[in-house]
K.L.:
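The structure is given below, and queries will be raised subsequently.
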Amino acid sequence: MLFTILAAPSMPPLLPLPTSVKWGDGAVQFSANSKVVTTDKSQKAEAAKITELLNLKQTGPATGTIRLVKDAGIKDPEGYRLSVGLDGITIRASAPAGYYYGAQTLKQLLPAAQFSTGAKATDVQLATVEIEDAPRFKWRGLMLDTARHFMQKGEIYRFIDLMAMHKLNSFHWHLTDDQGWRIEIKKYPKLTEIGSKRKETMLGRYSDGKYDGTPHGGFYSQQDIRDVVKYAADRHINVVPEIEMPGHAQAAIAAYPELGNLGTQIEVGTKWGVFENVFNPEEKTVSFLQDVLTEVLDLFPSKFIHIGGDECPKTQWKASPRAQALIKERGLKNEDELQSWFIRRMDKWLEKKGRRLIGWDEILEGGLAPGAAVMSWRGMAGGIEAAKEGHDVVMSPTDFAYFDYYQAPAASEPLAIGGYLPLEKVYSFEPVPASLTPEEAKHILGGQANLWTEYIPSARKAQYMMFPRASAMAEVLWSPKSERNWAGFQVRLPKHLDRLQSAGVNFRKLDAGR
Ligand code: ACM
């Protein structure tokens, strides 16, 4: 006698973990030739994206369906319900992002090989399941520094794909710094003609004091920027540009020395660290930067515009008779208030344009403009202070969110800037401090991991520093706090890494014994 034993379809690990997952005991066929079926016009664009995301065939008659059903009862526009049932596959949502995230989850039910480029869908048995899901936080961010090392547009696209796979929705693009100005500004061509190139780069450890003797450069044309913004928007990712001021400005001052305090020609930075060459506080410098931002606003629809504001040494302002005269003229007490004056000017201007300013937590020093939001990086204290004052906050403290730090003991790792941030620590990050009242806690928009690239010269190394820590951060920012569990994450992670492996990501392998 012959018995046919049907293998039970697997229950693949989902990451980030949804709000609720209820596996059934049935199985349904997923067909490579499924058609994404819509009932209303607003779903059309999403249906095309989902067809592509799931590598569906679209030749010959469809042999399965994935239904998109509008459900106004799903309050969060990023929320969805995914049903894999005996009556087929359905994604319910109230807005396009919800359908898209439902499809990202559905893709995780398919074999890991589906994550490779050029993969074609295959027929496969799926376990029945009912999933309800919505994000914990609105701001689920990753920052990439393309100033210290330039990355090609195609590499940025891959990075965005990986964000989308992890349901991260805010790409903070660090575009200007001492060592390079990377965004084309038509009114001031020297910003890129001069400011995007440095003659050489520090080699090895800072303390070695060595240089590579090789010019480094690159910038994004305005068309490149539009392409990236569109590519991200198609994946429900908002791009937040960062234009640094009044510090981290040496590349801009190299291009236009009149923006500095010394009036002398300086060069684009070649070493790492915090430089004393900062913008002068003249009215015409403010106008220059507002001209720059005018072009930036035209390229980036983001409500939030990041103006940096961190690490601005006051040495040159203290020594400059002109800066001192301006402090008096403007009725300010000191250089901290001058920095604050600068930020407030930008804040008012952005507000008039219908946007909002966000900056690193130093913008709190000397008083913060009412509408401004704070990105807390020097621990959580700045974020706590800001939230108590009624400002919106994104938490990205070095201790939990700086992915340029070592993820394992330094001796066994490629050179990094320093610090120590292993995966488990990332996973333990809690963006909402216990010291806030529920009302104050509403100001915590979410969190963000930052990848500064002083010691990261390639996209491959960026991926190594990013993953799997970004997978842990994605779960921190998406999943309910009550569902988060390090042991459970460790069980799910290896199969998730199979997906990253298929996608060709150079992630850091787990330590043996994990
Ligand atoms: C920063 O890391 N300087 C924001």
Side-chain angles (χ1 to χ4, degrees), residues 7 9-15 18 21 24 26-71 78-131 133 157-158 160-167 230-237 495-496 498-505:
S10 68
M11 298 173 188
L14 300 173
L15 198 161
V21 181
V28 286
Q29 179 80 3
F30 173 86
S31 164
N33 207 358
S34 293
K35 181 173 165 51
V36 181
V37 178
T38 57
T39 51
D40 99 44
K41 269 214 304 269
S42 70
Q43 299 165 330
K44 284 277 187 252
E46 249 20 68
K49 288 184 222 165
I50 291 168
T51 301
E52 192 185 321
L53 183 71
L54 300 176
N55 310 312
L56 299 174
K57 255 192 206 152
Q58 311 177 75
T59 50
T63 49
T65 55
I66 296 165
R67 284 189 303 266
L68 305 187
V69 174
K70 183 138 184 154
D71 183 344
E78 295 184 306
Y80 65 91
R81 270 194 267 151
L82 170 62
S83 167
V84 177
L86 298 177
D87 58 346
I89 298 173
T90 306
I91 303 172
R92 292 184 171 77
S94 59
Y99 299 117
Y100 185 76
Y101 288 135
Q104 284 286 3
T105 299
L106 175 56
K107 187 165 182 171
Q108 293 196 352
L109 300 178
L110 304 177
Q114 287 303 314
F115 288 85
S116 66
T117 20
K120 301 252 185 300
T122 53
D123 292 355
V124 52
Q125 291 268 300
L126 299 182
T128 53
V129 67
E130 298 293 325
I131 296 172
D133 204 6
Y157 285 169
R158 294 289 78 73
I160 288 169
D161 287 337
L162 293 169
M163 288 185 67
M165 173 182 170
H166 288 86
K167 303 187 173 82
K230 162 119 181 40
Y231 192 90
D234 282 347
R235 288 151 185 80
H236 299 282
I237 292 171
K495 285 230 165 67
H496 184 69
D498 290 346
R499 296 171 187 140
L500 295 181
Q501 182 76 36
S502 281
V505 178

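The structure presented is a predicted model; accordingly, all values stated were derived computationally and were not measured.
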K.L.:
Restricting to non-hydrogen atoms, name the atom on G98 and the atom on I91 that form the minimum distance, rounded to 0.1 Å.
P.N.:
O-CG2, 4.3 Å
K.L.:
Heavy atoms, side chains only, cut-off 4.5 Å: are T90 and T65 in contact?
P.N.:
no
K.L.:
Quick one: does T122's side chain get under 4.5 Å of Q114's, heavy atoms only?
P.N.:
yes
K.L.:
Could you tell me if the side chain of I66 sits less than 4.5 Å from the side chain of L56, heavy atoms only?
P.N.:
yes
K.L.:
Roughly how far, to the nearest 0.5 Å, is CG of L68 from CD of Q43?
P.N.:
5.0 Å
K.L.:
Might you confirm whether atom NZ of K107 has over 12 heavy atoms from other residues, nucleotides or ligands at distances under 6.0 Å?
P.N.:
yes
K.L.:
What pair of heavy atoms forms the shortest contact from S502 to A113, and how long is it?
P.N.:
OG-CA, 3.5 Å
K.L.:
Pair Q104, L53 - check side-chain contact (heavy atoms from CB on, under 4.5 Å), show working.
P.N.:
CA-CA 8 Å; Q104 284 286 3; L53 183 71; 3.6 Å; yes
K.L.:
Please examine the side chains of L162 and L500, heavy atoms only from C-beta on, and report whether any two atoms are closer than 4.5 Å.
P.N.:
yes
K.L.:
Do you know which two heavy atoms are closest between A127 and S10, and how far apart they sit?
P.N.:
CB-O, 3.9 Å
K.L.:
Determine whether L110 and L126 make a side-chain contact, defined as any pair of heavy atoms from C-beta on separated by less than 4.5 Å.
P.N.:
yes
K.L.:
If a pair satisfies salt bridge (Lys or Arg N to Asp or Glu O under 4.0 Å) and one of its residues is in residues 45-55, list it, with sequence neighbours excluded.
P.N.:
E46-K49
K.L.:
Measuring from D123:CG to T63:OG1, what's the distance to the nearest 0.5 Å?
P.N.:
6.0 Å
K.L.:
Going by salt bridge (Lys or Arg N to Asp or Glu O under 4.0 Å), name the pairs with one or both residues in residues 54-71, residues two or more places apart or in two chains.
P.N.:
D71-R81
K.L.:
When rounded to the nearest 0.5 angstrom, what distance separates OG in S34 from CG in L54?
P.N.:
8.5 Å
K.L.:
Would you say the side chain of P12 lies within less than 4.5 Å of the side chain of K495, judging by non-hydrogen atoms?
P.N.:
no
K.L.:
If you apply the rule side-chain contact (heavy atoms from CB on, under 4.5 Å), what do you find for Y80 with I131, and how did you get there?
P.N.:
CA-CA 8 Å; Y80 65 91; I131 296 172; 4.1 Å; yes
K.L.:
Parallel under 30°, tilted from 30 to 60°, perpendicular over 60°: which one fits the rings of H166 and H496?
P.N.:
perpendicular
K.L.:
To check you understand the geometry: which heavy-atom pair defines the closest contact between Y99 and R92, and what is its length?
P.N.:
CE2-C, 4.3 Å
K.L.:
What residues, two or more places apart in sequence or in another chain, satisfy salt bridge (charged side-chain N to carboxylate O under 4.0 Å, His left out) together with R235?
P.N.:
D161
K.L.:
Taking all non-hydrogen atoms of both residues into account, name the closest pair between Y101 and A164 and its distance.
P.N.:
CE2-O, 4.5 Å
K.L.:
If you apply the rule side-chain contact (heavy atoms from CB on, under 4.5 Å), what do you find for L82 with D133, and how did you get there?
P.N.:
CA-CA 8 Å; L82 170 62; D133 204 6; over 6 Å; no
K.L.:
Judged by atom type as modelled, is there a donor-acceptor pair below 3.5 Å linking the side chain of N55 to the main-chain atoms of G118?
P.N.:
no
K.L.:
Quick one: are K167 and P18 in side-chain contact, heavy atoms under 4.5 Å?
P.N.:
no
K.L.:
With heavy-atom distances below 4.5 Å as the criterion, would you say the side chains of Q108 and F115 are in contact?
P.N.:
yes
K.L.:
At what distance, to the nearest 0.5 angstrom, does CG of L15 lie from CE of M165?
P.N.:
8.5 Å
K.L.:
Checking side-chain contact (heavy atoms from CB on, under 4.5 Å) for the pair V28/L86: CA distance, chi angles, key distance, verdict?
P.N.:
CA-CA 6 Å; V28 286; L86 298 177; 3.9 Å; yes
K.L.:
At their closest point, which heavy atom of G79 faces which heavy atom of A93, and how far apart are they?
P.N.:
O-CB, 3.7 Å
